[in-house]
Undergrad: 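Can you read through this structure? Questions will come right after.
For ligands, and for the atoms within them, numbers begin at 1 and follow the listed sequence. The structure presented is a predicted model; accordingly, all values stated were derived computationally and were not measured. Any value given below was found using the heavy atoms of this structure, including those in side chains, with hydrogens, waters and symmetry copies removed.
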Amino acid sequence: MAPPLRNDGRDGNGARTRGPSRRALLTGVSALGAAGALGAAGCSRVATAASADGGDLLGRLRAQGVVRLGIAGEIPFGYIDRDGELTGEAPELAKAVFKRLGVDRVQPVPTEFGSLIPGLDSQQFDVVSAGMYINPQRCEQVVFSDPDYQMLDAFVVRKGNPKGLHGYQDVVAKKARFATGTGYAEIQYAVEAGYKESDILIVPDQVAGLNAVEAGRVDVFAGTALTVREVVRKSRRAESTKPFAPLVKGKPHVDGGGFAFRSAETRLRDAFNVELRKMKKSGELFRILRPFGFTAAEMTDMTAKELCRG
Ligand SMILES: CC1=N[C@H](C(=O)O)[C@@H](O)CN1
């Protein structure tokens, strides 16, 4: 099993862990292959302790000196780069927040996006650190930090956007073949626009989505605007549409993404929020997110409470 990562930008063997390496941002390695190795055997020891902490997860994490982060191999949100380093906007922010909370090391647990909440529930990791959008359905299952960013959606389409797809309504009107990722909020946006859920091609991640578009198996793959921009970067056959706001209850909706904790862990979530707010105010949060492609316009004052209401 890989050594736990430290907060000082080095892993247990001293390899660099901080910040996106340029190579990682350009290439991006799907972390899914590592899921079994990191998710099962090595983590069960920690998971056993989880049931015996008397509700003081932060105390246990401080004593252990390590927090396990669920990630979904999605650039720029949370991923393992080509050098085997954990990075992404959410893990880098989590490293900084947990350091302030007295937990010095983070350990990645890669899985598919659709397995993040089940993995959190079943103690595979302590926090979902994958830039997950905060919405009413998810708020019934987990508790969220306040969002650290806001975001629009975009589509991966073939070069030249031959079907003229600029939003979910176009996908329905033009009878386009639609794909998105497992567990993605974009499934609901397509369904709300009138797309039949059973007709959606669900793929493991954005790289599989790009492949499906390039191979002509679908006309469009939907994801966050930043995910789409990153994944098409090196493609000669596909491009990103302009970012757009999906319609929720008939109105343009801006998403906010944050960190998810098990429902009982409100104390940890609250402590996390206190540090997050200080970092927003000081500008440190934006300094951490900017290298991953986030702009000042994507910083947000929205709260999890508002987003959970829908
Ligand atoms: C960062 C991210 N957010 C969306 C979601 O939360 O469903 C999906 O697009 C998957 N990736």
Undergrad: Return the protein residues near ligand 1 (heavy atom under 4.0 Å from any of its atoms), ordered by chain and residue number.
TA: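 Protein residues near ligand 1 are Glu74, Phe77, Phe113, Ala130, Gly131, Met132, Tyr133, Arg138, Tyr149, Tyr184, Ala185, Glu186, Thr224.
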
Undergrad: So, the side chain of Asp83 versus the backbone of Glu85: is there a donor-acceptor pair under 3.5 Å, distance only?
TA: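 The answer is no, because no donor-acceptor pair under 3.5 Å joins these two groups.
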
Undergrad: When you compare the side chain of Asp148 with that of Met279, does any pair of heavy atoms fall below 4.5 Å?
TA: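 Side chain of Met279 against side chain of Asp148, heavy atoms only: no contact under 4.5 Å found.
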
Undergrad: List for me each residue that meets side chain to side chain contact (heavy atoms under 4.5 Å, CB included) alongside Val142, sequence neighbours excluded, and say none if there are none.
TA: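 So Val142 forms a side chain to side chain contact (heavy atoms under 4.5 Å, CB included) with Ile117, Leu120, Phe144, Ala260.
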
Undergrad: Tabulate below the donor-acceptor pairs under 3.5 Å that side-chain atoms of residues 213-228 make, not counting sequence neighbours, or state none.
TA:
unit_1 : atom_1 : unit_2 : atom_2 : d
Glu214 : OE2    : Ser235 : OG     : 2.5
Asp219 : OD1    : Arg158 : NH2    : 3.2
Asp219 : OD1    : Arg177 : NH2    : 3.0
Asp219 : OD2    : Arg177 : N      : 2.6
Asp219 : OD2    : Arg177 : NE     : 3.3
Thr224 : OG1    : Leu226 : N      : 3.4
Thr224 : OG1    : Thr227 : N      : 2.9
Thr224 : OG1    : Thr227 : OG1    : 2.6
Thr227 : OG1    : Glu74  : OE2    : 2.6

Undergrad: Could you give the side-chain donor-acceptor pairs of residues 181-192 under 3.5 Å, partners two or more places apart or in another chain?
TA:
unit_1 : atom_1 : unit_2 : atom_2 : d
Tyr189 : OH     : Asp255 : OD1    : 2.9
Tyr189 : OH     : Asp255 : OD2    : 2.7
Glu192 : OE2    : Lys249 : N      : 2.5

Undergrad: Are Arg309 and Glu306 ion-paired here, with the side-chain N under 4.0 Å from a carboxylate O?
TA: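 No.
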
